[in-house]
Amino acid sequence: SSAGAETQTAGVSWQGGHWRLLAAPKSITMAKYKAENIMDGITIGGNKRFVTQTKRALGLLKTRSNRIYKNVVLPYVKKIKAHKTSGMNVFAKVPTYEVGSKTAFASSRWYASTIAHDAYHSKLYSDYKNKHAGRVPRKAFASQKAELQCIKFQIKVAKKIGVSAADIRHLKSLDGSHAKLRKINW
């Protein structure tokens with residue numbers, strides 16, 4: 001089955017200012033950070049399999065979409081860690097993409113496209129924060145409009161890195177409306 005189809009079965013909830021996919025075994029819990037768990041300044045936390053898969057996904061972005069990797073991923077994602085759910089935590093000490101196993105192990109290409117997608121959420125948050133004083137409103141980085149921007153960006157990256165046509169069709173079918181809901185299944 002395609003990664004897009006797999007994500008349709010996962011639940012989503014809004015938690016702590018970001019979306020989280022609800023589905024992942026505890027098998028990819030955090031590992032102690034080691035020097036080999038850093039790639040181009042991004043710290044990777046998780047078991048050996050998770051670290052390897054994350055490096056593979058980052059490598060795809062670096063080799064097949066280097067400009068996006070340098071200008072969007074590296075500045076706006078400082079940590080990628082195994083988690084029970086998936087979502088960008090813009091409120092962490094450093095921008096952290098928390099990744100569930102369904103996302104991490106769907107395919108390297110799909111995973112890479114989700115890194116780009118969530119990096120774009122972090123970029124939207126950072127752009128707003130740099131231009132305005134005070135708290136960043138949710139609508140700046142996690143509204144339906146913001147979600148559509150991130151999906152459009154993910155599609156652009158997905159095409160460059162060779163994500164399957166079925167998964168690109170799935171992305172194109174999304175309308176970003178899940179950003180309005182506190183909890184949904186997809």
query = Looking at CE of Met88 and CD of Glu98, how far apart are the two atoms once the value is rounded to the nearest 0.5 Å?
reply = 8.5 Å
request  = Give a yes or no answer on whether the side chain of Thr52 reaches the backbone of Lys48 with a donor-acceptor pair at less than 3.5 Å.
outcome  = yes
inquiry  = Would His117 and Ile151 count as a side-chain contact (heavy atoms from CB on, under 4.5 Å) here? Give the steps.
reply    = CA-CA 6 Å; His117 175 107; Ile151 292 166; 3.8 Å; yes
task = For Ser126 and Lys123, indicate whether the former's side chain and the latter's backbone hold a donor-acceptor pair under 3.5 Å.
result = no
ask   = Under 30°, 30 to 60°, or over 60°: which ring-plane class applies to Phe141 and Phe91, parallel, tilted or perpendicular?
value = perpendicular
inquiry  = With a 4.5 Å cut-off on side-chain heavy-atom distances among I, L, V, M, F, W and Y, is there a chain of contacts connecting Tyr111 to Leu74?
reply    = yes
query = Do Val51 and Thr54 come within less than 4.5 Å of each other through their side chains, counting heavy atoms only?
reply = no
ask   = Would you say Tyr120 and Lys156 make side-chain contact, with heavy atoms under 4.5 Å?
value = no
request  = Test side-chain contact (heavy atoms from CB on, under 4.5 Å) on Asn37 and Phe50 and set out the steps.
outcome  = CA-CA 10 Å; Asn37 294 359; Phe50 179 84; over 6 Å; no
ask   = Strictly by modelled atom types, are Glu147 and His121 linked by a side-chain donor-acceptor pair under 3.5 Å?
value = yes
key: cation_pi(Arg49, Phe105) dist<6.0 Å, angle<=45   = yes
ask   = Where do Gly59 and Met39 come nearest, in terms of heavy atoms and distance?
value = N-CE, 3.7 Å
request  = State, yes or no, whether a side-chain contact exists between Asp40 and Val73 at a heavy-atom distance under 4.5 Å.
outcome  = no
key: Residue pair Asp118 / Val77, side-chain heavy-atom distance below 4.5 Å   = no
request  = Evaluate the side-chain proximity of Arg109 to Arg64: yes if any heavy-atom separation is below 4.5 Å, no if none is.
outcome  = yes
inquiry  = Show me the pairs that pass ring pair (Phe, Tyr, Trp, His ring centres under 6.0 Å) and involve residues 56-78, at least two apart or across chains.
reply    = none
message = As a quick check of understanding, evaluate side-chain contact (heavy atoms from CB on, under 4.5 Å) for Ile68 and Phe153, giving each step before the final call.
response = CA-CA 10 Å; Ile68 287 169; Phe153 185 73; 3.4 Å; yes
query = Of all heavy-atom pairs between Asp175 and Ser177, which one has the smallest distance, and what is that distance?
reply = OD1-OG, 2.6 Å
query = Without hydrogens or angle criteria, can the side chains of Thr114 and Tyr97 be said to hold a donor-acceptor pair below 3.5 Å?
reply = yes
query = For the atom pair NE2 (His170) and CD1 (Ile155), what is the distance rounded to the nearest 0.5 Å?
reply = 10.0 Å
inquiry  = Walk me through whether Leu58 and Ile44 qualify under side-chain contact (heavy atoms from CB on, under 4.5 Å).
reply    = CA-CA 11 Å; Leu58 289 170; Ile44 305 166; 4.1 Å; yes
Joint hydrophobic cluster, Val90 plus Val136, side-chain heavy atoms closer than 4.5 Å = yes
task = Check whether any side-chain N or O of Ser86 sits under 3.5 Å from a backbone N or O of Gly100 as a donor-acceptor pair, and report yes or no.
result = yes
message = Please give me the minimum heavy-atom distance between Val163 and Ser113, naming the atom from each residue.
response = CG2-CB, 4.2 Å
ask   = Distance from Lys159 atom NZ to Leu171 atom CG, nearest 0.5 Å?
value = 10.0 Å
ask   = Which atom names give the shortest non-hydrogen contact between Ala112 and Ala57, and what distance separates them?
value = CB-O, 3.4 Å
query = What's the spacing between Lys152 NZ and Leu174 CG if we round to 0.5 Å?
reply = 15.0 Å
ask   = How long is the span from the CZ atom in Arg67 to the CG atom in Leu61, to the nearest 0.5 Å?
value = 14.0 Å
ask   = Rounded to the nearest 0.5 Å, what separation is found between the CD1 atom of Ile115 and the CD1 atom of Ile42?
value = 7.5 Å
